[in-house]
Amino acid sequence: MAPFDLDTAARFGTGPARLVSLALMMTTRDGADRLTFDPSRRSGAGSSTVECRIGGDWYSLVPPPDTVLPKLTRLLRELAGGSDGRFTARLGGHEFAVRVEIVPVPHPPSSVLECSTLELPVLPELSGRANELLDSHFDENGSVYFDDSEFA
């Protein structure tokens, strides 16, 4: 499989591809070694969390709506070739491996959701390039907007 090009996916990809690519660029910029999309940290509507680990400390990112997580999980499973695998990402011409682990999480009342954890290399040499690419995607308030139709 061809590498998952972060800049191309952020510019031209569907909602899940854009979201994953922007999250990977942010974690590369910030020096994170893990990124987790988790539907189960809290109970109730809007319960999902997105967290990254930088230098041993966990930081929360703004999570997508709960309905988006299964679409992200499908994309990650495709990229990794299953629930426990790797894929190659490309950022600014540099390629690196991302390990993906997807585990089921029982969620009341009867549905089962999945938690996706990405193990990332810390690449300080790509931090500046990631920041440049992110700047081209953020608006003046530092936000990225998604249209609901991107996740349909």
Side-chain angles (χ1 to χ4, degrees), residues 1 3-10 13-107 111-139 141-146 151:
M1 176 182 273
F4 181 63
D5 188 279
L6 302 183
D7 190 41
T8 300
T14 63
R18 282 185 63 218
L19 183 57
V20 167
S21 65
L22 290 168
L24 286 172
M25 280 193 252
M26 287 179 9
T27 55
T28 299
R29 175 195 64 194
D30 297 339
D33 65 353
R34 283 195 187 262
L35 174 63
T36 301
F37 298 95
D38 192 343
S40 66
R41 298 278 172 137
R42 299 173 296 188
S43 60
S47 63
S48 63
T49 61
V50 177
E51 296 177 316
C52 65
R53 187 174 70 186
I54 303 169
D57 294 321
W58 286 94
Y59 297 89
S60 295
L61 304 173
V62 177
D66 290 346
T67 57
V68 168
L69 286 180
K71 293 172 177 142
L72 294 179
T73 302
R74 270 194 301 277
L75 172 64
L76 293 170
R77 186 175 274 115
E78 285 176 26
L79 289 171
S83 294
D84 190 5
R86 296 182 186 278
F87 69 91
T88 302
R90 181 183 299 134
L91 175 64
H94 298 278
E95 294 183 3
F96 57 94
V98 176
R99 183 179 176 277
V100 177
E101 180 182 28
I102 301 170
V103 296
V105 178
H107 197 279
S111 64
V112 174
L113 298 174
E114 295 174 301
C115 176
S116 301
T117 300
L118 286 70
E119 189 175 309
L120 311 165
V122 178
L123 302 167
E125 67 276 16
L126 293 182
S127 180
R129 181 65 180 143
N131 195 47
E132 288 172 25
L133 291 170
L134 283 168
D135 281 346
S136 69
H137 296 284
F138 291 151
D139 69 8
N141 297 316
S143 298
V144 175
Y145 295 94
F146 292 85
F151 294 95

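Only a predicted model underlies this, so the values are computations on that prediction, with no experimental measurement involved.
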Do any side-chain atoms of residues 20-30 form donor-acceptor pairs under 3.5 angstrom with protein atoms, and if so which ones, sequence neighbours left out?
unit_1: S21; atom_1: OG; unit_2: A10; atom_2: N; d: 3.2
unit_1: S21; atom_1: OG; unit_2: A17; atom_2: O; d: 3.0
unit_1: S21; atom_1: OG; unit_2: R18; atom_2: O; d: 2.9
unit_1: T27; atom_1: OG1; unit_2: A23; atom_2: O; d: 3.1
unit_1: T27; atom_1: OG1; unit_2: L24; atom_2: O; d: 3.0
unit_1: T28; atom_1: OG1; unit_2: L24; atom_2: O; d: 2.8

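- In this structure the side chain of Y59 reaches within 4.5 angstrom of the side chain of I54, judged on heavy atoms.
- Proximity of V100 to L79: side-chain heavy atoms (C-beta onward) are nowhere separated by under 4.5 Å.
- Contact check for L35 versus F37: side-chain heavy atoms found under the 4.5 Å cut-off.
- A donor atom on one side chain and an acceptor atom on the other are found under 3.5 Å apart for S48 and D66.
- V98 and A89 get closest at one heavy-atom pair: CG2-CB, 4.2 Å.
- Taken to the nearest 0.5 Å, the CZ atom of F138 stands 11.5 Å off from the OH atom of Y145.
- In this structure, T49 and P63 have side chains that are not in contact, with every pair of non-hydrogen atoms separated by 4.5 Å or more.
- In this structure, the separation between CG on L118 and CG on D33 is 11.5 Å, given to the nearest 0.5 Å.
- The closest donor-acceptor contact from the side chain of N141 to the backbone of S143 lies at 3.5 Å or more, if one exists at all.
- Taking all atoms of both residues into account, the shortest heavy-atom contact from L76 to S116 is CD1-CB, 3.7 Å.
- To the nearest 0.5 Å, atom OG1 of residue T36 and atom CD of residue E101 are 9.5 Å apart.
- Listed by first and then second residue, the salt bridge (Lys or Arg N to Asp or Glu O under 4.0 Å) pairs that reach into residues 77-91 are D5-R90, R77-E114, D84-R99, R90-E95, sequence neighbours excluded.
- Distance CG/L123 to CZ/R129: 14.5 Å, rounded to 0.5 Å.
- Here the side chains of P64 and L19 are in contact, with some heavy-atom distance below 4.5 Å.
- Closest heavy-atom contact between F96 and P121: CD1-CG, 3.6 Å.
- L113 places none of its side-chain heavy atoms less than 4.5 Å from the side chain of L69.
- Expressed to the nearest 0.5 Å, how far CG of L6 lies from CG of L91 amounts to 5.5 Å.
- Ring planes of F146 and F151: tilted class, angle from 30 to 60°.
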